[in-house]
Amino acid sequence: MEQWIIKHLQELLAAESIAAEDIDDHLVALRGHSLKMVTFLARFAREFGGAPKIMDFLERPCLATLSEAQPVTQS
């Protein structure tokens, strides 16, 4: 999951490289770009079957919040 997050943060934030220990800092930076943030969360949901709610991510933009996202199940 970390490598996927790094790849997509680099793409959305036009960052040359992001170290694993800096993921949370870049997720915080993503809050300042609402369209990029929504794009990232939509891609995350497609890849991992779920994503945190936008308000939850805004409160805690960190790897832990993404890891806690529950997969979407169909009824």
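In this text, all values refer to a predicted model and were calculated from it rather than measured experimentally.
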**Student:** Please determine whether salt bridge (Lys or Arg N to Asp or Glu O under 4.0 Å) holds for the pair Lys7 and Glu47, giving the CA-CA distance in whole Å, both sets of side-chain angles, and the decisive distance to 0.1 Å.
**Tutor:** CA-CA 13 Å; Lys7 176 186 173 201; Glu47 180 70 20; over 6 Å; no

**Student:** Of all the heavy-atom pairs spanning Cys62 and Leu27, show the shortest one and how long it is.
**Tutor:** C-CD1, 3.5 Å

**Student:** Quick check against the 3.5 Å criterion: does Thr65 have a side-chain atom that pairs as donor or acceptor with the backbone of Pro61?
**Tutor:** no

**Student:** Going hydrophobic residue to hydrophobic residue with side-chain gaps under 4.5 angstrom, can you get from Leu63 over to Leu58?
**Tutor:** yes

**Student:** Might you confirm whether atom CD1 of Ile54 has over 12 heavy atoms from other residues, nucleotides or ligands at distances under 6.0 Å?
**Tutor:** no

**Student:** What's the separation between atom CD1 in Ile18 and atom NE2 in His26, rounded to the nearest 0.5 Å?
**Tutor:** 4.5 Å

**Student:** Do Arg60 and Asp56 come within less than 4.5 Å of each other through their side chains, counting heavy atoms only?
**Tutor:** no

**Student:** Output yes when Glu11 and Arg43 qualify as a salt bridge under the 4.0 Å nitrogen-oxygen rule, no when they do not.
**Tutor:** yes

**Student:** Can you find a pair of side-chain heavy atoms, one from Leu66 and one from Phe40, that are under 4.5 Å apart?
**Tutor:** yes

**Student:** Does Phe57 belong to the same Ile/Leu/Val/Met/Phe/Trp/Tyr cluster as Val38, with side-chain heavy atoms less than 4.5 Å apart forming each link?
**Tutor:** yes

**Student:** Could you tell me the separation between the CG atom of Leu30 and the NE2 atom of His8, rounded to the nearest 0.5 Å?
**Tutor:** 12.5 Å

**Student:** Check for me, please, whether Leu35 and Met55 land in the same ILVMFWY cluster - side-chain distances under 4.5 Å, paths through other members count.
**Tutor:** no

**Student:** With side chains defined as the heavy atoms from C-beta onward, is the minimum distance between Leu13 and His33 less than 4.5 Å?
**Tutor:** yes

**Student:** When you group the ILVMFWY residues by side-chain heavy-atom contacts below 4.5 Å and let the links chain together, are Leu12 and Met1 in the same group?
**Tutor:** yes

